Number of protein chains: 2
Amino acid sequence: MSRPDLERLGAVYPRYLNAVVLHGLATAQAVGLGATDLYAIGALTFEGRMTSGELAAKTGLTTGATTRLIDRLEQRGLVRRVPDPADRRRVLVEAVEDEAVDLDDTLAPAREKLGAVFASCSPEQIAALTEHFERATPAFHEAIEAIRKAE
Amino acid sequence: MSRPDLERLGAVYPRYLNAVVLHGLATAQAVGLGATDLYAIGALTFEGRMTSGELAAKTGLTTGATTRLIDRLEQRGLVRRVPDPADRRRVLVEAVEDEAVDLDDTLAPAREKLGAVFASCSPEQIAALTEHFERATPAFHEAIEAIRKAE
DNA sequence: GGTAATATCTGCATGAAAGCAGAGAATGTT
DNA sequence: AACATTCTCTGCTTTCATGCAGATATTACC
């Protein structure tokens with residue numbers, strides 16, 4: 001791979017990441033949630049129900065703070081507490097589908113604009129992007145883990 | 001473009017974005033900054049000096065809150081206030097290079113892991129990714145603007 | 001030159017998020 | 001059956017980012 005290509009990527013990529021994060025912050029603020037709360041909803045939506053403790057690990061919060069986080073989300077009807085039948089100390093938390101309406105509205109502009117970006121891609125480009133996202137996602141999660149361990 | 005391709009992208013992409021945002025949050029926390037503060041540094045680094053008011057517009061904060069944001073960053077030596085010679089009401093803010101050492105360390109894991117992801121791409125894939133990032137960045141910024149207007 | 005508009009800063013107040021330490025409930029371990 | 005461990009929750013406290021409204025300084029307009 002030629003050097004100019006990599007240089008261009010190196011210039012573009014940080015700005016891109018910055019924009020993604022800022023969009024996340026703006027979204028959270030628009031729906032009246034903290035950024036961590038918004039992430040938690042995402043995690044619950046994408047990965048399904050999990051225990052309070054698992055959510056604490058994912059968010060990097062203490063278990064106490066996580067209880068409060070779940071309280072907040074439950075009060076807004078975005079999330080539901082379900083007792084774990086197998087271990088009654090545990091609480092399973094699951095996202096309430098259909099209740100994230102305003103969140104959906106807030107994400108609409110991004111969906112629209114990025115939809116346009118993707119729509120003008122060739123199938124080969126879509127394939128390349130999909131593969132990248134698939135590989136980058138675990139990379140970010142590993143980096144998160146490394147960051148937290150280093151603290 | 002075939003439907004299965006788009007479905008796969010639709011499944012992967014939200015998780016990817018979630019991971020990026022979470023990484024941003026974890027990074028901010030690791031260096032002891034708020035998420036907004038971290039974004040501000042990025043904006044100043046990538047776009048160069050700007051006035052306090054411009055920074056307020058970019059972050060979505062009031063000018064008062066932005067003054068405090070600059071105070072915080074200045075106290076840590078990450079940012080510098082420079083009087084605008086053309087208009088002495090204004091204050092230009094610029095990132096202090098070389099001072100973001102711990103931030104660099106915190107970003108190191110992501111750089112490494114994502115570097116590996118990019119390194120195993122063909123030149124064509126790199127080109128597709130770079131082009132995507134270039135087009136997605138303004139799309140996100142437009143979406144941010146739309147979100148804030150809708151509020 | 002005098003008044004209005006603009007840009008940043010300050011004081012004050014508030015709300016919200018998170019940590020910590022201990023309580024309560026359930027499970028496992030010997 | 002007793003004890004230790006695990007999981008979530010609660011009370012309390014602290015920290016901190018942010019808004020708001022007014023103060024101050026500078027520039028623009030008439």
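Quick caveat, the model's predicted, so the values are computed rather than measured. So that the names make sense, note that chain A is the first sequence line, chain B the second, and so on, each numbered from 1. Note: hydrogens, waters and symmetry copies are ignored here, and every other heavy atom, side chains too, is used.
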Under 4.0 Å between any heavy atoms, over every strand shown, what does [X] touch: base, sugar-phosphate, or nothing? Just pick one.
X: B:T36; answer: sugar-phosphate
X: B:L61; answer: sugar-phosphate
X: A:T67; answer: base

> Can you name the residues that form a ring pair (Phe, Tyr, Trp, His ring centres under 6.0 Å) with B:Y39, not counting sequence neighbours?
Replying inline: none
>> So for A:R72 and C:dG15, does any side-chain atom that can act as donor or acceptor lie under 3.5 Å from a complementary atom in the base?
In response: no
> Which one, D:dG19, C:dG19, D:dT8, comes nearest to the side chain of A:A65?
Replying inline: C:dG19
>> Measuring from the side chain of B:T62 (C-beta onward, heavy atoms only), which nucleotide among C:dC9, D:dG19, C:dC20 has the closest atom?
In response: D:dG19
>> Whether the side chain of A:R76 engages the backbone of A:G32 through a donor-acceptor N/O pair (distance < 3.5 Å, no angle test) should be reported.
In response: yes
> Hey, does the side chain of A:Q29 reach the backbone of A:A26 with a donor-acceptor pair shorter than 3.5 angstrom?
Replying inline: no
> Quick one: on DNA chain C, does B:R68 or A:D37 contact a more 5' nucleotide (nearest heavy atom)?
Replying inline: B:R68
>> With nearest nucleotide decided by heavy atoms, which residue, A:G60 or B:E54, maps closer to the 5′ end of DNA chain C?
In response: B:E54
Write down the distance between [atom1] ([X]) and [atom2] ([N]), rounded to a whole number of angstrom.
X: A:L92; N: D:dC7; atom1: CG; atom2: C1'; result: 12 Å
X: B:Q29; N: D:dT15; atom1: CD; atom2: P; result: 17 Å
X: B:I70; N: D:dT18; atom1: CD1; atom2: C1'; result: 14 Å
X: A:Y39; N: C:dA17; atom1: OH; atom2: P; result: 18 Å
X: A:D71; N: C:dA18; atom1: CG; atom2: P; result: 13 Å
X: B:D84; N: C:dC9; atom1: CG; atom2: P; result: 12 Å
X: A:Q75; N: C:dG15; atom1: CD; atom2: C1'; result: 15 Å
X: A:L69; N: C:dG19; atom1: CG; atom2: P; result: 11 Å

> Does B:T51 place a side-chain N or O at less than 4.0 Å from the phosphate oxygens OP1/OP2 of C:dA7?
Replying inline: no
> OP1, OP2 of D:dT27 versus side-chain N and O of B:R90: anything below 4.0 Å?
Replying inline: no
>> Can you list everything that forms a side-chain hydrogen bond (donor to acceptor under 3.5 Å, both in side chains) with A:K58? Sequence neighbours excluded, please.
In response: A:E47
>> Let's go through B:S52 and B:R81 carefully: what are the C-alpha distance in whole Å and the side-chain angles of both, what is the deciding distance for side-chain hydrogen bond (donor to acceptor under 3.5 Å, both in side chains) to 0.1 Å, and is it a yes or a no?
In response: CA-CA 9 Å; B:S52 173; B:R81 276 184 167 93; over 6 Å; no
> Charged N to carboxylate O under 4.0 angstrom, A:R89 versus A:D84?
Replying inline: no
For nucleotides 21-30 of chain C, which of its nitrogen or oxygen atoms have a protein nitrogen or oxygen under 3.5 Å away, and what is each distance?
residue : atom : partner : partner atom : Å
C:dT27  : OP1  : A:R88   : N            : 3.4

> Going hydrophobic residue to hydrophobic residue with side-chain gaps under 4.5 angstrom, can you get from B:L17 over to B:V117?
Replying inline: no
> Is the count of non-hydrogen atoms from other residues, nucleotides or ligands lying under 6.0 Å from B:E145 atom CD greater than 12?
Replying inline: no
